[in-house]
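Protein chains get the first letters and strands the later ones, always in sequence-line order, with residue 1 at the start of each.
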There are 2 protein chains.
Amino acid sequence: MIKKFIDEESGKIVEKSVMNAITIDCVIFGFDNGSLEVLLIEHAEGISKGKWGLPGGWIKKEESIDNAAYRLLRELTGIKDLYLEQLRAFGEPSRFPLDRVITIGYYALIKKDMFNIKAGFTASDAKWYGLNEVENLIYDHNKILEYSLIRLRSKVKRAPIGFNLLPEKFTLLQLMQLYEEILGVQLDKPNFRRKILKMKLLVVLEEKQTNVSHRAAKLYMFDKERYEMLTNKGFIFEV
Amino acid sequence: MIKKFIDEESGKIVEKSVMNAITIDCVIFGFDNGSLEVLLIEHAEGISKGKWGLPGGWIKKEESIDNAAYRLLRELTGIKDLYLEQLRAFGEPSRFPLDRVITIGYYALIKKDMFNIKAGFTASDAKWYGLNEVENLIYDHNKILEYSLIRLRSKVKRAPIGFNLLPEKFTLLQLMQLYEEILGVQLDKPNFRRKILKMKLLVVLEEKQTNVSHRAAKLYMFDKERYEMLTNKGFIFEV
DNA sequence: CAAACTTATAGTTTATTTGACTACAAGGTT
DNA sequence: AACCTTGTAGTCAAATAAACTATAAGTTTG
């Protein structure tokens with residue numbers, strides 16, 4: 001597709017192609033043992049062969065961008081049940097060395113206990129990294145990761161998306177530690193309990209923890225229906 | 001550029017082009033006489049000729065997406081001093097009737113008193129619309145507008161971007177009305193004053209309003225340097 | 001088996017913030 | 001001069017958040 005532009009220096013009308021290569025790159029977050037991790041892959045082909053970066057891929061003509069992101073995650077992890085949100089488009093002309101490639105960043109939150117990584121046919125390896133173990137990634141992937149963290153931190157305070165990182169059943173301490181880890185703050189146990197329970201978003205279960213070397217904590221579940229009901233009434237989640 | 005994909009039904013590897021046409025569309029907000037407005041343009045060419053939509057255009061190969069958005073706004077309004085932020089990419093395959101076109105949405109906040117609209121060579125007319133005067137726009141532009149409003153509302157509470165819609169010098173009532181209009185709430189004058197002044201972000205000027213038929217209010221200016229200084233110390237703007 | 005230890009959970013107290021409201025000041029208009 | 005509109009200062013009760021104390025319910029250790 002060729003379109004007309006005004007050349008800013010000469011003022012003349014020039015014709016240029018407006019076709020671009022577009023990729024998707026996704027930051028996948030997991031929570032394990034009290035720390036936040038991201039899933040990185042080692043590229044198996046092309047100029048970035050052998051280097052680590054975010055999982056990603058190309059968008060097909062007939063699918064929406066969101067669907068492309070879902071498809072890529074399905075190919076990589078096999079899970080269908082995850083939280084996925086677009087970050088934004090990253091389009092510095094220099095971000096990709098060979099051609100102009102615009103990428104659309106996503107981030108996903110998954111329950112780590114629920115799946116196995118399949119490296120897939122463009123990756124030779126896939127591995128979880130703690131946030132401060134991440135070193136130099138390909139292209140602008142460090143920048144995308146950084147941006148995803150900012151978004152995650154701001155979103156997690158205003159919407160109950162944190163639950164997507166925990167198992168179905170969790171204790172209040174686990175939930176608190178999740179918030180502590182993501183937000184990088186220290187929280188007070190009794191105060192956190194009170195605050196989160198007052199929202200009435202959690203269902204307390206009969207079950208308790210097992211195999212712990214201390215008093216077993218009650219297990220809770222997030223009540224999504226109740227959340228939506230409350231939201232419609234004007235309730236705003238805020239930690 | 002041709003890439004390989006796994007066909008999900010047959011499991012075979014197929015080759016597809018990954019080139020896409022990408023545009024930029026921008027929601028431009030202005031504030032006038034107590035109400036929030038958006039700048040729309042009437043398209044002068046192509047299949048949408050005669051219809052109203054968001055101002056937009058194509059991205060050149062050698063410019064970043066942000067720069068493309070700046071360039072388009074400059075071409076349209078002539079202003080260089082504005083607030084600009086990317087929303088996200090919109091890429092439903094059906095959003096554009098002829099081809100697959102992915103668009104990257106932006107929103108801008110401008111001081112309406114500072115500029116004149118130039119319709120430009122792809123638009124036959126440009127006009128400010130109050131938010132509830134906006135009717136059916138081309139493509140998915142209503143959706144982009146809706147999304148921009150959600151973003152504006154959430155952002156304006158957490159960052160002092162609202163000032164970009166006001167003249168350099170403004171009264172506290174003007175500022176309060178801006179927040180009332182954007183957030184759709186009623187605020188209490190004394191309480192709003194106290195809250196906003198406590199942040200120490202405003203410089204009070206010697207000047208007062210003129211030509212008003214009531215007690216003249218003091219004029220204030222936003223102190224950007226002070227804002228950045230406070231932010232570095234951990235201050236968080238919140239209305 | 002009891003003491004020590006760890007985490008869970010309940011409750012108290014104080015400081016801070018928010019929200020609603022009252023009162024008066026400072027102009028211009030009639 | 002009376003009145004109207006908006007600006008500005010101050011008060012007070014209610015709600016919320018933050019810091020802290022205390023106790024309960026288990027495990028582990030000696």
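- Applying the side-chain hydrogen bond (donor to acceptor under 3.5 Å, both in side chains) rule to B/N164 yields no partners; only residues at least two apart in sequence or on another chain are considered.
- Residue pairs meeting the ring pair (Phe, Tyr, Trp, His ring centres under 6.0 Å) criterion with at least one partner in residues 215-239 of chain B, sequence neighbours excluded, are B/F163-B/F222.
- Annotation: salt bridge (charged side-chain N to carboxylate O under 4.0 Å, His left out) contacts involving residues 132-153 of chain A, sequence neighbours excluded, comprise A/E85-A/R151, A/R95-A/D140.
- Among pairs with a residue in residues 129-150 of chain A, those fulfilling ring pair (Phe, Tyr, Trp, His ring centres under 6.0 Å) read A/W52-A/Y129, A/F90-A/Y147, A/F96-A/Y139, A/Y139-A/H141, at least two apart in sequence or across chains.
- Across C/dT18, D/dA18, D/dT11, the shortest atom-to-atom separation from the side chain of B/K195 is found for C/dT18.
- Here side chain to side chain donor-acceptor pair (under 3.5 Å) pairs that include residues 189-210 of chain A, with residues two or more places apart or in two chains, are A/K169-A/E207, A/D188-A/N191, A/N191-A/R194.
- Remark: B/R88 pairs with no residue by the salt bridge (Lys or Arg N to Asp or Glu O under 4.0 Å) rule, at least two apart or across chains.
- Remark on the helix from C/dC1-D/dG30 to C/dT30-D/dA1: inter-end axis angle 0°, axes from five-pair C1' superpositions, rounded to 10°.
- The salt bridge (charged side-chain N to carboxylate O under 4.0 Å, His left out) contacts involving residues 221-239 of chain A comprise nothing, where partners must be two or more places apart or lie in separate chains.
- Base contact: B/K189 has a heavy atom under 4.0 Å from a base atom.
- Residue pairs meeting the side chain to side chain donor-acceptor pair (under 3.5 Å) criterion with at least one partner in residues 170-187 of chain B, sequence neighbours excluded, are absent.
- For the segment residues 165-188 of chain A, the set of residues with a heavy atom within less than 4.0 Å of an atom of DNA chain C comprises A/L173, in numerical order.
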Atom pairs under 3.5 Å: protein N/O with N/O of nucleotides 22-26 of chain D:
residue : atom : partner : partner atom : Å
D/dA24  : N3   : A/R215  : NH1          : 2.8
D/dA25  : O4'  : A/R215  : NE           : 3.3

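- Residues in residues 157-167 of chain B take part in no salt bridge (charged side-chain N to carboxylate O under 4.0 Å, His left out) pair, two or more places apart or across chains.
- Of all nucleotides listed (C/dA20, D/dA17, C/dT7), C/dA20 comes nearest to the side chain of B/R194.
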